[in-house]
Amino acid sequence: MESSAAPTVSAGHDPGPAPVDLLRRLRARGAGDPVTHVERVPARVGVPAPWPAWAPPELRAAFARRGVVAPWQHQAEAATLAYDGGHVIVATGTASGKSLAYQLPALATLLADPRATVLYLAPTKALAADQLRAVAGLELEGVRPACYDGDTPRAEREWIRRHSRFVLTNPDMLHHGILPGHAQWSGFLRRLAYVVIDECHTYRGVFGSHVAHVLRRLRRQCARFGATPVFVLASATSGDPATAAGRLTGLPVTAVTEDASPRGGVTFALWEPPLLPPDSTAPTVPAQAAGDHDATTDLVQVRRSALRETADLLADTVAEGVRTLAFVRSRKGAEVVAANARRALDDAVPGLGGRVAAYRGGYLREERRELERALLHGDLLGLASTNALELGVDLVGLDAVLICGYPGTRASLWQQAGRAGRSGQEALAVLVARDDPLDTYLVHHPEAIFGAPVEATVLDPANPYVLAPQLACAAAEAPLTPADLALFGDGAKEAIDQLVEAGALRQRPTGWYWRHRERPEVDLRGEGGAPVCVVESATGRLLGTVDGGSSHFLLHPGAVYLHQGISYVVDDLDLADGCALVHVEEPDWSTHARDVTDLSVVSVRSYVDAGPVGMFLGEVDVTSQVVSYQRRRIATGEVIDTRPLDLPTRELRTVAVWFTLSPRSLASAGVQQADVPGALHAAEHAAIGLLPLMATCDRWDIGGLSTALHPDTEAPTVFVYDGHPGGAGFAERAYGTASAWLRATRDAIAECGCETGCPSCVQSPKCGNGNNPLSKPDAIRVLDVVLENLPA
Ligand SMILES: [Zn+2]
Ligand SMILES: [Zn+2]
C-alpha cells in the first residue's frame, strides 16, 4: 500500500455529495456528454415470509440467535419446494441470502431424521469453509458438519465418513475421492437426503460438462444404495436457470428467481469514453493493459481508453471527498489507473495523490486489514483493484464504485456495484465501457443490463470428449449396465462402444467392465491439450501455465509475454516437453501471431432454411497453424516487420454454428462482390464479441472463420465455433438464440460512432489475419439480410 501523505481533504465520515449531484459534476467536465444512460435502481424493501410450518422450533431459534427473525419470501418458497421433495434452483442477487434456502430444508430433515445426511458442494475450498462456519455456528445437536477436501488430514477422514451428517466438499473431491471410494461412503450415501450445489453458475463450459457427469455418477451410486436425494442449487441471476440446472443434474428443476431481500438505492451510470479526433496519436496506454488476457493487443485506438477515463473519474471523486473503489480487469490496469489518478490529484493539490492506492492482490492478512482501516477512517479515499478484492477484503462505507470494462457477466457486475452504499445511503456506480463490441452494445442497450437477464450458463454433457472419460470413471466405480445409458444421456452408447474398441472396457453379459487395475485419470478442469509451462530461463522459476490451445499464439519464439504486469520475451517453445523458456525484457514492441485456419463440415445437427439465408448447427474439423508474427510499436501501432514461424498444424473437432447467404441477396443489399470477404469477416468478429451476452463465455472460448465461398456450403459463410474439443455448449446457445444474438451484433456495429471500424465494433484483438479485410458498413448489410429472413 502507498503511504498516505498529509491529508488535505477532511477525513471522517462525511458522505460527500449525493450521487445525483456527483454524477452531474462528473459528466460536466469534458466536452461532450459521455453518459449514455442513468438508471435509478430504487431501494427495495424486503418481503419477509413466516417460517414454514415444517421448520422445527429449535432450528428457528438457532437462526434467530444469528439474527434471522424470519426468512424472505424467496427463501421460504425455495425451502418449501425442496422440503416437499422437488429439485429447486434459487437464482437471485448477491447477498440475497440464498444459503438459508438450502440450510432450512436440509437441517430440518437432519433434525427430524437422525440418520439422514447432506452433501454440500462448493466450487472453492474457501466457500466450503465459510459455509462450514455458518452451519457449525447454528450449534445443532447431532449434525456434526465437516469439510472433506484435499486439506483434510487422513486421520480425520474416517471419522467424517462415519459420523458427519453434513459433509462440505467440492466437485474435484467428489470425483477423485468420494465416488471412487464409494464402498467406504456407502453408509453416508445410503442415507443421503439432500445434495446442495452452491454457486452453480460457475459450472459452465467444459468444466461444467464434466461436473454434470460427476453428479450423474453420484446419483448412480446413491441409486445402488437405494437413495434418491433432492438437489438444491444456488446460482447468481442468469437467463433460464431451470434449464441450466436441469442440464447440470439431469433432473427436472424448478427455479425461484423473485428476489425478496432488501437493498439500498443506487444511481447507475453507463459511460462511453469519447472518440478521439481522427488525427490523434493518443495511445500511450497499450490496450493490453486493459485486457484480461495475456495476449498482446495494441490496435490503434480511436476511443479514449477506459483506463484513462477511469483514472480521471477516480481523481475527480476523490477530490470531492467521495470514498471510491475502481474495479479494473487486470492487475497492470489497476496500477495504471491508480498511478494516473495520483498524478492528476498531485497536480491539483500536492500531496492529495497519497489518498489513492492500488490493490494488487496477494497481500498478507495484516496488510489487508491496514487497507480496510485506512479506507474506513478516510486516510485513503480511492482504491483501484482487480476483482481479487472480492476475496478476503471486507470494505464497508464506500460511496462510489467505478467499473472499468464490463466484467463479463451480470453477476460480477452487480457484485462489484454492490460494494457501494453504506447502510441505507444512496450510492453511485459507473460502468466505463472498454473498446469492445460487447461493452459498446451494453452502454447503448441498458435494458440488457437492467432488464431480465439473457446470458445463460451453458454446458454440454453430450460432448464425447467429456462423456467417454466420465463413463470410464463410472465403469471403474461399478460396471455399467444398459439401464445406466439413459442416465448419461445422448451419445452414451456410442461412447461405450468406442471405449470397448479402444480396450478400456470389456463387454460381458452383465455389463461393461473397466479393464485396468488403476482408475482412469480424468481432470475435470484440464482440456484442450496439456497446459504449457512458462519458465524463466535464468532462474528456472515457473511463472505460470498457458492452456495448450493458446500456447502457439502466446508463446511462440519471439513472443512478448505479459505475466502479472511484467514483460517477458520467449526464447524457445518446446512442444514435446510442454514448456516455454522466457527471459525478462521490455521491448517497445508487441507481438501478434497470425494463423491460417481451415474448416470442414463433418455433419449437420440442425438447420433453419430461411430462403436466401441458412442457419446451421453441426460438427466441424478446424485445422490451424500459426505461421508468422508481426512486431508492432506499442506507442503508434506501426508494423515493424513480419517474421515466419515453424510450428506444427493442429486439429480440433468441435461444434459450430454457421450461416450462409446467397450471393444474389448480398448483391441486392448493396454489398459489392469485392467487399464480401470484408463484410463477412467484420460480421464474424462482432458476432464473436457479442456471444458473451447470450452465454457466460469469454470471447477467447470461441473461434471464427468467414469466407466468400466455402467448399462445403458452396456459399458465402460465417462460422463461429467452440474453441474446446467436442464443444462446450457456446455454439449451441448461439444457434438457439440466433436472431437475438445477431440483432445485438448488428446494433453494436451500427451504434458505434467510428467511421470505418474500430475495436469497439468490428476489430478483434485475436484476429489471425491482422484485422484485414474488414468492412463495417457492409457487415451491417450482411446482418440485415440475415435478420430479415431468419424467423425471430
Ligand atoms: Zn467502431
Ligand atoms: Zn479476423
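Whatever order the structure lists them in is the order used to number ligands and atoms, beginning at 1.
- Look at R304 and D312 and you find a salt bridge, because one of the NZ, NE, NH1 or NH2 atoms lies within 4.0 Å of a carboxylate O, short of that distance.
- Checked for salt-bridge contact, R410 and E455 miss the test: no charged N lies under 4.0 Å from a carboxylate O.
- Ordered by chain and number, C752 SG, C754 SG, C758 SG, C761 SG make up the set of protein N, O or S atoms under 2.8 Å of the Zn ion (ligand 1).
- Cation-pi check for R631 over W589 is met; the charged atom lies under 6.0 angstrom from the ring centroid and within 45 degrees of its normal.
- In summary, of the residues considered (F268, W271, F450), a ring pair (Phe, Tyr, Trp, His ring centres under 6.0 Å) with H37 occurs for F450 alone.
- The pair D778-K776 does not count as a salt bridge, with every side-chain nitrogen at least 4.0 angstrom from each carboxylate oxygen.
- Classified by interplanar angle (parallel below 30°, tilted 30° to 60°, perpendicular above 60°), the ring pair Y441/H445 is parallel.
- Only one option out of Y721, Y735, F719 pairs with W658 in a ring pair (Phe, Tyr, Trp, His ring centres under 6.0 Å); it is F719.
- Ion pairing between a basic and an acidic side chain is recognised when a charged N comes within 4.0 Å of a carboxylate O; R303 and E272 show such pairing.
- Annotation: protein N, O or S atoms under 2.8 Å of the Zn ion (ligand 2) (waters excluded) comprise H681 NE2, H685 NE2, C767 SG.
- With respect to R781 and D675, no salt bridge is recorded, no charged nitrogen being found less than 4.0 Å from a carboxylate O.
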